[in-house]
2 protein chains.
Amino acid sequence: MGNTERLRRITDAVRRAGSLGVADLAALTGASEMTVRRDLEVLAEQGVLERYRGGARSLLLRGDEPPFALRAQEGLEAKRRIAAEVAALIADGESVVVDSGTTCLEVARALRGRRVTVMPLSLHAVNALAEPSGHAAGTVTALLVPGGRPRPGEGALTGPLTRASLEALRFDTAVVGCCGLGAAQGLTAYDLDDADVKRTAIASARRVIAATEGAKLGRTALAFVAPAAALHAVVTDASAPADELAALSAAGVTVRTVGTRP
Amino acid sequence: MGNTERLRRITDAVRRAGSLGVADLAALTGASEMTVRRDLEVLAEQGVLERYRGGARSLLLRGDEPPFALRAQEGLEAKRRIAAEVAALIADGESVVVDSGTTCLEVARALRGRRVTVMPLSLHAVNALAEPSGHAAGTVTALLVPGGRPRPGEGALTGPLTRASLEALRFDTAVVGCCGLGAAQGLTAYDLDDADVKRTAIASARRVIAATEGAKLGRTALAFVAPAAALHAVVTDASAPADELAALSAAGVTVRTVGTRP
DNA sequence: TCTTTCAAACATCAATCATGTGGGATACGT
DNA sequence: ACGTATCCCACATGATTGATGTTTGAAAGA
């Protein structure tokens with residue numbers, strides 16, 4: 001779909017300006033007003049913006065995270081590389097709990113077909129691992145679904161059922177994503193329920209790997225999950241600030257950076 | 001996709017004959033050999049049959065149930081009507097657990113957008129209820145995902161995690177499907193794990209509705225789930241044998257038959 | 001070795017989707 | 001209430017995808 005780029009530009013423009021007219025957006029994107037309207041309808045359904053007669057205003061005023069569908073596209077290449085590196089750290093036969101989020105979704109995809117037991121914490125990842133992996137008979141990846149209520153849009157499973165599912169099991173490895181990470185502030189997330197799930201996942205795993213884009217390093221989000229010392233390894237990309245990496249390393253975390261180029 | 005019909009015919013022909021050549025199937029379906037080969041590949045991936053050089057042999061020799069994708073298409077109209085009737089029996093605000101199986105999948109679809117809390121016991125139904133219902137903001141249907149291991153193909157969630165999820169909750173209504181049902185033999189299923197889940201679901205609901213095609217009435221499958229008296233209502237279609245319906249009625253079950261014609 | 005069968009590559013057709021255009025309906029400002 | 005700008009509903013068009021068939025070189029089995 002080539003409309004993704006246009007949706008992104010509309011989202012950005014509206015967010016930057018606060019609100020914008022349909023005509024402005026049509027001029028900006030080069031598309032017709034009708035197309036812009038259809039786009040706005042889509043974005044309004046995703047909760048990105050709110051429509052009013054003549055234009056739209058952004059609902060993501062501040063540090064709110066953009067909707068899943070958009071984030072999943074951004075920096076896909078880097079996420080894939082990070083995911084491949086994480087998958088390489090996981091041995092056959094292991095049991096792994098994989099967090100929600102777009103980076104971890106790629107990790108789930110990278111584990112598809114591997115001889116491992118996986119419990120993904122988001123519906124997106126569940127779908128990525130269920131069935132369509134091909135050979136229905138010779139399926140080697142064992143899939144475990146946790147209970148919970150899916151958070152709208154994210155598909156992230158949360159709540160007491162998720163907690164109970166995690167507490168009933170012990171994993172070799174937990175792969176967690178984050179919204180912010182640093183040696184000083186530890187691992188943080190935007191959503192309180194998510195943070196709770198992450199914490200429980202970390203508690204039921206022997207080894208914890210954080211998978212995150214470099215841009216998240218040094219940032220802090222609302223909900224505290226765990227101190228940096230709770231992590232055994234961090235896999236990130238080359239865009240990560242060097243001082244943060246050094247600080248994490250000094251805190252005893254194994255740091256792995258995947259190149260931005262092949 | 002118009003290929004469904006051809007897939008069904010190939011499946012039937014191979015099952016009837018035990019094994020068949022590619023040329024025979026091409027002649028039977030009127031399609032080219034290449035298309036038949038591609039179909040066989042698909043069916044082999046679904047575990048329906050096994051390929052060998054020159055043809056394929058059926059893997060569903062006995063009373064095994066055909067794969068989910070095929071069953072989901074058969075009698076869709078009747079299933080939709082049954083599902084609509086079941087949905088009409090459920091009041092707004094109720095919490096409902098919906099069993100796995102193709103008929104119950106339609107029930108889940110029928111509940112989409114209703115102001116109810118739903119816990120579906122299969123991944124297919126989870127996907128039918130998650131997100132793409134439109135308005136991300138004004139989503140009224142509360143979705144609860146049970147834990148468990150999805151049974152390959154079926155997507156039916158089973159095992160201790162599923163059991164634990166069910167035992168942690170109490171529902172107003174359980175909608176269960178079945179592979180066999182009768183006043184004498186009770187409600188039965190093919191799969192032992194499924195039967196266990198069904199039993200647990202029934203135990204944690206105040207009211208139990210069985211939704212099933214008429215053809216299942218009077219049949220018996222391997223695993224016993226519950227006596228007919230455990231059911232409060234049965235919704236089926238006009239193809240159900242009258243004597244079975246009468247016997248169920250006599251056992252104190254409310255019987256509802258939806259017409260085959262609108 | 002030779003024949004049959006298979007699968008990758010290309011061509012074709014239909015279906016679907018994205019987009020644009022016109023016209024009638026609708027909402028907002030005055 | 002009126003007028004105008006805006007919106008949405010159809011329908012048309014171009015692009016993309018998916019299913020099917022044909023060809024052809026490779027591979028399996030006799």
Side-chain angles (χ1 to χ4, degrees), chain A residues 1-14 17-46 48-59 67 69-70 72-73 76 127 131-138, chain B residues 1-11 13-14 17-46 48-59 67 69-70 72-73 76 127 131-135 137-138:
Chain A
M1 10 181 132
N3 54 0
T4 320
E5 168 66 11
R6 194 183 52 243
L7 285 177
R8 200 189 54 71
R9 280 169 66 177
I10 291 180
T11 306
D12 280 358
V14 174
S19 74
L20 264 179
V22 172
D24 302 330
L25 290 167
L28 173 73
T29 58
S32 74
E33 296 200 354
M34 191 63 217
T35 301
V36 169
R37 288 199 185 93
R38 281 189 271 242
D39 286 351
L40 291 180
E41 195 176 356
V42 169
L43 292 171
E45 278 205 346
Q46 292 187 359
V48 178
L49 45 79
E50 190 181 31
R51 298 205 54 189
Y52 60 87
R53 195 169 182 83
R57 78 178 60 87
S58 177
L59 288 175
L70 262 60
Q73 298 301 327
L76 232 192
N127 285 325
E131 284 321 306
S133 52
H135 16 268
Chain B
M1 22 180 123
N3 51 3
T4 321
E5 168 66 11
R6 194 182 53 243
L7 284 176
R8 200 189 54 71
R9 282 169 66 177
I10 291 180
T11 305
V14 174
S19 75
L20 266 180
V22 172
D24 303 330
L25 289 168
L28 174 71
T29 59
S32 74
E33 297 200 353
M34 192 60 221
T35 300
V36 170
R37 287 198 186 93
R38 280 189 272 241
D39 287 350
L40 291 180
E41 196 176 355
V42 170
L43 292 171
E45 280 204 346
Q46 293 187 1
V48 178
L49 44 78
E50 188 182 35
R51 298 206 52 189
Y52 60 86
R53 196 168 183 81
R57 78 178 58 87
S58 177
L59 288 175
L70 262 58
Q73 298 301 326
L76 232 193
N127 285 326
E131 283 322 308
S133 51
H135 17 270

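All heavy atoms count here, side chains included; hydrogens, waters and symmetry mates do not. So you know, we letter chains A, B, ... as the sequences are listed, proteins then strands, and number each from 1.
Protein atom CZ of B:Arg6 is 8 Å distant from nucleotide atom C1' of D:dT20, rounded to whole Å. Atom-to-atom, CG of B:Leu7 to C1' of D:dA19 comes out at 12 Å; the value is rounded to the nearest Å. Atoms OH (A:Tyr52) and C1' (C:dA27) sit 15 Å apart, rounded to a whole Å. With rounding to whole Å, B:Arg38 atom CZ is found 11 Å from D:dG18 atom C1'. Here the P atom of nucleotide C:dA18 and the CZ atom of A:Arg37 are 18 Å apart, to the nearest Å. If you take CE of B:Met34 and P of D:dA19, they are 13 Å apart, rounded to a whole angstrom. Between B:Glu5 atom CD and D:dT20 atom C1' there is a gap of 17 Å when expressed in whole angstrom units. If you take CD of A:Glu33 and P of C:dG22, they are 13 Å apart, rounded to a whole angstrom.
Checked against C:dT21, C:dC6, D:dC7, the side chain of B:Arg53 finds its nearest nucleotide in C:dC6. Ranking D:dG21, C:dT21, C:dA7 by closeness to the B:Arg51 side chain, first place goes to C:dA7.
Residue contacts for A:Gly55: at a heavy-atom cut-off of 4.0 Å it reaches the sugar-phosphate backbone alone, with no base atom in range.
The nearest pair of heavy atoms linking A:Arg9 to A:Thr29 is NH2-CA, 4.3 Å. For the residue pair B:Ala13 and B:Leu25, the shortest heavy atom distance occurs at CB-CD2, 4.2 Å.
Between B:Glu41 and A:Gly30, the residue whose closest nucleotide on DNA chain C is further toward the 5' end is B:Glu41.
In this structure, A:Arg38 does not pair ionically with A:Glu41, as no charged nitrogen and carboxylate oxygen lie closer than 4.0 Å.
A close approach under 4.0 Å does occur between a side-chain nitrogen or oxygen of B:Thr35 and OP1 or OP2 of D:dG21.
Side-chain contact between B:Ile10 and B:Val48: absent, with no pair of heavy atoms (C-beta onward) separated by less than 4.5 Å.
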